[in-house]
Q: 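Take a look at the following structure, please.
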Amino acid sequence: MARILITSALPYINGVKHLGNLAGSMLPADVYARFQRLMGNDVLFICATDEHGTPAELAAADAGMDVRAYCDEQHDIQKRAGDGFSLSYDYFGRTSNEPNIRLTQHFAEVLEEKGLIEERVEHQVFSIDDGRFLPDRYVEGTCPHCGFERARGDQCDSCGRLLEPTDLKEPYSKISGSKNLEVRETKHLHLLQTKMEGQIRDWVDASDGWPSLAKSIAYKWLDEGLRDRSITRDLKWGVPVTKDGAPRPGFETKVFYVWFDAPIGYIGASEEWAQANGGDWESWWRTDKGADDVTYVQFMGKDNVAFHTVSFPATILGSQEPWKTVDKLKAFNWLTWYGGKFSTSEKRGVFMDQALDLLPGDYWRWYLTANAPEGSDSAFTWEHFQSLINSDLANVLGNFVNRITKYTASKFDGQVPATGEWGEAEDWIAAELEQRLPAIIANMEAMEFRKAASEVRAVWAAGNEYLTKAEPWVKYKSDVDAAAIGVRTGLNLVVLFAILAQPFIPNAAATVLDALGVSEDKRSWQFGDDMKTLLDALPHGHAIEPPAVLFAKIEDAQLAEWSERFGGSQD
RNA sequence: GGCGAGGUAGCUCAGCUGGUUAGAGCGCACGACUCAUAAUCGUGAGGUCGAGAGUUCAAGUCUCUCCCUCGCCA
């Protein structure tokens with residue numbers, strides 16, 4: 001039994017994520033985790049909210065809340081949204097929880113011991129009225145080049161030139177609008193990534209199991225040359241900076257920068273899992289404690305690749321401790337909204353909680369997997385959504401389940417028929433399955449989710465084709481036994497289809513399997529080689545219950561309403 | 001401006017290291033069937049693979065130039 005550690009990129013805390021975020025890391029990670037479990041492997045699937053940093057502080061202030069309370073609330077909201085999409089995390093932790101704080105401090109102290117961290121003095125803008133240092137983006141003013149009055153401290157949006165906050169004329173705080181600013185000296189810890197360049201390059205060279213997208217991004221960064229990066233900030237909300245376990249002198253009002261502590265959150269959340277469930281987190285993360293046989297798979301959007309292939313490895317490798325590093329990495333492009341960006345302010349796009357108000361999670365899961373932005377960006381449109389759902393789920397799968405179970409109920413007393421002889425139609429479907437089942441598994445192993453979904457759909461469609469060939473309703477008129485084999489095979493196909501559907505649409509799959517009385521231990525993806533056995537798995541005479549209609553079709557009227565409400569085709 | 005990804009049937013997308021008549025789903029047309037959520041099954045129409053040039057016995061697949069889209073970065 002293989003051991004698979006799976007992490008999804010951590011969703012940031014300031015608000016519910018939109019469907020693009022879901023489609024680009026959390027959902028595919030879940031589909032993969034479910035697949036690996038069905039293959040009989042030992043899976044630890046971890047995610048967490050990424051909670052530190054200035055945006056969280058500001059969002060809390062906007063909400064008029066204490067930042068801790070704000071994060072508590074938002075964490076619960078994101079947790080619930082994830083539950084609504086049936087994301088089967090073994091644990092959904094928080095980067096602000098104790099294990100991550102301790103681990104972050106540990107890594108920083110170890111890195112310093114290895115000579116990879118040093119203190120440097122910087123000059124930053126301090127807002128007297130706000131009582132805080134301002135990150136570059138939060139200082140605005142008049143651009144010295146073009147006179148644009150709302151240039152940011154890092155760049156002017158009007159002329160595009162790069163700026164330092166001190167370049168701005170008439171600078172003011174974006175937070176309060178105060179012009180009462182001054183430049184102050186402040187000390188920060190810097191991670192000396194330049195010293196690790198060779199080590200990281202060797203590690204990237206040695207990594208297989210990364211898609212070309214990931215490798216090329218990693219090499220691009222390495223080729224451009226790594227830079228030493230400041231890993232602390234003048235903020236209250238974050239992981240306190242320590243030295244030998246006590247507050248670090250001169251850093252009492254500083255915390256680690258969010259990009260430093262966030263990826264460590266993968267490990268921290270694993271420890272939270274262990275605390276909550278009595279598991280052994282070190283056996284997943286420490287190669288000296290059993291993790292050498294673990295395969296670690298990360299899921300993320302393409303914007304996160306550099307952090308996962310260079311920055312986070314710098315932390316882990318730099319420690320020279322035996323931590324597990326990533327083996328396989330799956331990166332996604334963007335899901336777009338009618339070809340453009342999802343945008344809250346322009347009311348374009350759907351967020352996770354809103355989506356669940358419209359339809360159950362399974363509908364979205366199927367669409368977002370079958371239309372995943374794998375090879376390139378892919379577009380969400382209401383029209384496409386409707387067409388995929390109605391065709392794949394309602395017509396091809398849902399209707400298949402419905403037609404054969406209803407027929408069983410009306411003509412065979414709701415029992416799995418025992419009679420009839422295997423014939424040509426059965427040979428045909430068996431041959432289909434023999435070829436398609438391994439293809440599905442191969443695509444899932446390769447994390448080609450679009451192709452896997454398309455193969456699964458093809459199997460569902462083959463079921464309908466089988467019924468056309470077997471035509472039990474015709475045979476029933478002259479030879480009930482000849483009809484019986486078609487019905488029995490059809491019912492077994494329903495079971496198989498639901499088993500195949502589990503990683504994609506777990507709730508609908510469970511509904512079907514429950515209705516057909518398939519016990520938990522008979523739902524795995526170990527299909528065996530003998531299709532004849534697979535297609536006669538249900539006990540003869542076994543009573544089945546036609547499930548309620550699995551998927552309602554999406555009507556044009558609904559589409560029009562949603563399109564109006566969320567923006568869409570009229571743009 | 002630099003970098004990256006991409007431009008393939010009406011739509012959304014597959015097409016690996018170049019090689020038989022370029023594929024799928026949806027949509028469309030016609031036909032079949034009637035067990036079923038007017039669902040299903042079959043057949044068919046539809047593409048000078050962004051433009052141009054080049055390499056090659058052979059290019060959607062390699063090289064160059066140009067046009068367009070999207071994103072990232074500085």
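All chains are named by letter (A, B, ...) in the order of the sequence lines, taking the proteins before the strands, and each is independently numbered beginning at 1.
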Q: Rounded to whole angstrom, note down the C1' distance from B/C41 over to B/C35.
A: 13 Å
Q: Quick check on the 6.0 Å ring-centre criterion: do A/Tyr466 and A/Trp428 meet it?
A: no
Q: Going by purine N1 to pyrimidine N3 plus the second Watson-Crick contact, or the G-U wobble pair, all under 3.5 Å, which nucleotide sits opposite B/U56?
A: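 The answer is none; no pair meets the criterion.
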Q: Can you tell me how far C1' of B/G71 sits from CG of A/Leu335, to the nearest Å?
A: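 Rounded to the whole Å, the gap is 14 Å.
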Q: Could you tell me how far B/G6 sits from B/A14 if I compare only their C1' atoms? Round to whole Å.
A: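 That atom pair is separated by 15 Å.
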Q: Taking atom C1' in both B/U69 and B/A24, what distance in whole Å separates the two?
A: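 One C1' to the other, the span is 24 Å.
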Q: A/Phe385 CZ to B/U12 C1': how many Å, rounded?
A: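 Distance, rounded to whole Å: 15 Å.
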Q: Taking atom C1' in both B/G31 and B/G18, what distance in whole Å separates the two?
A: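 One C1' to the other, the span is 41 Å.
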Q: Roughly how far apart, to the nearest Å, are B/C66 and B/C3 at atom P?
A: 12 Å
Q: Can a donor-acceptor pair be found between the side chains of A/Gln386 and A/Asp556 at a distance below 3.5 Å?
A: yes
Q: Could you check which nucleotide pairs with B/A24 in any of the strands shown, counting Watson-Crick or G-U wobble with both distances under 3.5 Å?
A: B/U12
Q: What are the two closest heavy atoms between A/Met444 and A/Val31, and how far apart are they?
A: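 Of all heavy-atom pairs spanning A/Met444 and A/Val31, the closest is CE-CG1, 3.7 Å.
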Q: Return the value, rounded to whole Å, for the distance between atom CH2 of A/Trp428 and atom C1' of B/G42.
A: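 Those two atoms, CH2 and C1', are 12 Å apart.
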Q: Ring stacking, A/Trp473 with base of B/C35, under 5.5 Å and under 30°?
A: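 Stacking between A/Trp473 and B/C35: present.
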Q: Rounded to whole Å, how long is the line connecting atom CG of A/Asn443 with atom P of B/A14?
A: 13 Å
Q: Is the gap between the ring centers of A/Tyr12 and A/His52 under 6.0 Å?
A: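 Ring centroids of A/Tyr12 and A/His52 are no less than 6.0 Å from each other.
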Q: Any chance the rings of A/Phe380 and A/Tyr367 have centres within less than 6.0 Å?
A: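 Aromatic pair counts; centres sit under 6.0 Å.
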Q: Using a strict cut-off of less than 4.0 Å between a Lys/Arg side-chain nitrogen and an Asp/Glu carboxylate oxygen, indicate whether A/Asp481 and A/Lys475 qualify as a salt bridge.
A: no
Q: Using whole Å, what does the distance between atom P of nucleotide B/A39 and atom CG of A/Asn395 come to?
A: 6 Å
Q: Using the P atoms only, state how far B/G42 lies from B/C26, rounded to an integer number of Å.
A: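 About 10 Å, rounded to a whole number of Å.
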Q: For A/Phe551, answer base if it contacts any base atom (sugar-phosphate contacts may also be present), sugar-phosphate if it contacts only those atoms, and nothing otherwise; contact means non-hydrogen atoms under 4.0 Å.
A: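 Base, at least one base heavy atom under 4.0 Å.
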Q: Find the distance A/Arg227:CZ to B/A74:P and express it as a whole number of Å.
A: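 Interatomic distance, CZ of A/Arg227 to P of B/A74: 7 Å.
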Q: Using the C1' atoms only, state how far B/C13 lies from B/C49, rounded to an integer number of Å.
A: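 Taking atom C1' in both B/C49 and B/C13, they lie 14 Å apart.
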Q: Between A/Arg457 and B/C26, is there a contact of a side-chain N or O with OP1 or OP2 at under 4.0 Å?
A: yes
Q: Which nucleotide wins on minimum distance to the side chain of A/Lys553, given the candidates B/U37, B/U34, B/U40?
A: B/U37
Q: From the set B/U37, B/U12, B/U40, return the single nucleotide nearest to any side-chain atom of A/Thr468.
A: B/U40
Q: Taking atom P of B/G25 as reference, at what distance in whole Å does atom CH2 of A/Trp460 sit?
A: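 For the pair A/Trp460 CH2 and B/G25 P, the rounded distance is 15 Å.
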Q: Heavy atoms from C-beta onward define the side chain here; which of B/C13, B/U12, B/C35 lies closest to that of A/His384?
A: B/U12
Q: When both hydrogen-bonding distances must be under 3.5 Å and the geometry is Watson-Crick or G-U wobble, what is B/A29 paired with, if anything?
A: B/U43
Q: A/Lys451 side chain: which of B/U37, B/C35, B/G15 is closest?
A: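 Closest of the options to the side chain of A/Lys451: B/G15.
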Q: Considering Watson-Crick and G-U wobble pairs with both distances under 3.5 Å, what does B/C66 pair with?
A: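 Pairing partner, where one exists within any strand: B/G50.
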Q: Drop me the distance from A/Asn464's CG to A/Ile404's CD1, to the nearest 0.5 angstrom.
A: 10.0 Å
Q: For RNA chain B, whose closest nucleotide is more 5', that of A/Asn464 or that of A/Val474?
A: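 Nearest-nucleotide comparison on RNA chain B picks A/Val474.
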Q: Report the base-pairing partner of B/A36 (Watson-Crick or G-U wobble, both distances below 3.5 angstrom), or none.
A: none
Q: Of the candidate nucleotides B/U37, B/A39, B/C26, which contains the atom at the shortest distance from the side chain of A/Leu550?
A: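 From the listed options, B/U37 comes nearest.
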Q: State which of B/A39, B/C13, B/C26 makes the closest approach to the side chain of A/Ser378.
A: B/C13
Q: Whole-Å distance between B/C11 P and A/Leu559 CG?
A: 18 Å
Q: Establish, with yes or no, whether the OP1 or OP2 oxygen of B/U37 is under 4.0 angstrom from a side-chain nitrogen or oxygen of A/Asn390.
A: no
Q: Start at the 5' end of RNA chain B and walk down; is the nucleotide closest to A/Leu388 or to A/Arg403 reached first?
A: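 Here A/Leu388 is the residue nearer the 5' end.
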Q: So which nucleotide from B/G42, B/C13, B/C26 ends up closest to the side chain of A/Glu465?
A: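 Nearest to the side chain of A/Glu465 among the choices is B/G42.
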Q: Taking atom P in both B/G19 and B/G25, what distance in whole Å separates the two?
A: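 Per the computed distance, 23 Å lies between those P atoms.
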Q: With distance as the sole criterion, do the side chain of A/Asn399 and the base of B/A36 form a donor-acceptor contact below 3.5 Å?
A: yes
Q: A/Lys406 side chain: which of B/U34, B/U37, B/C41 is closest?
A: B/U37
Q: From the set B/C33, B/U12, B/A36, return the single nucleotide nearest to any side-chain atom of A/Ala379.
A: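 The closest nucleotide is B/U12.
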Q: Any ion pair linking A/Asp536 and A/Lys532 (charged N to carboxylate O, less than 4.0 Å)?
A: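 No.
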Q: Across the strands shown, which category fits A/Ala458 at heavy-atom distances under 4.0 angstrom: base, sugar-phosphate, nothing?
A: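 A/Ala458: no heavy atom of the nucleic acid under 4.0 Å.
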Q: Using both distances under 3.5 Å as the test, list the Watson-Crick or G-U wobble partner of B/C72, or none.
A: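 With both distances under 3.5 Å, B/C72 matches B/G2.
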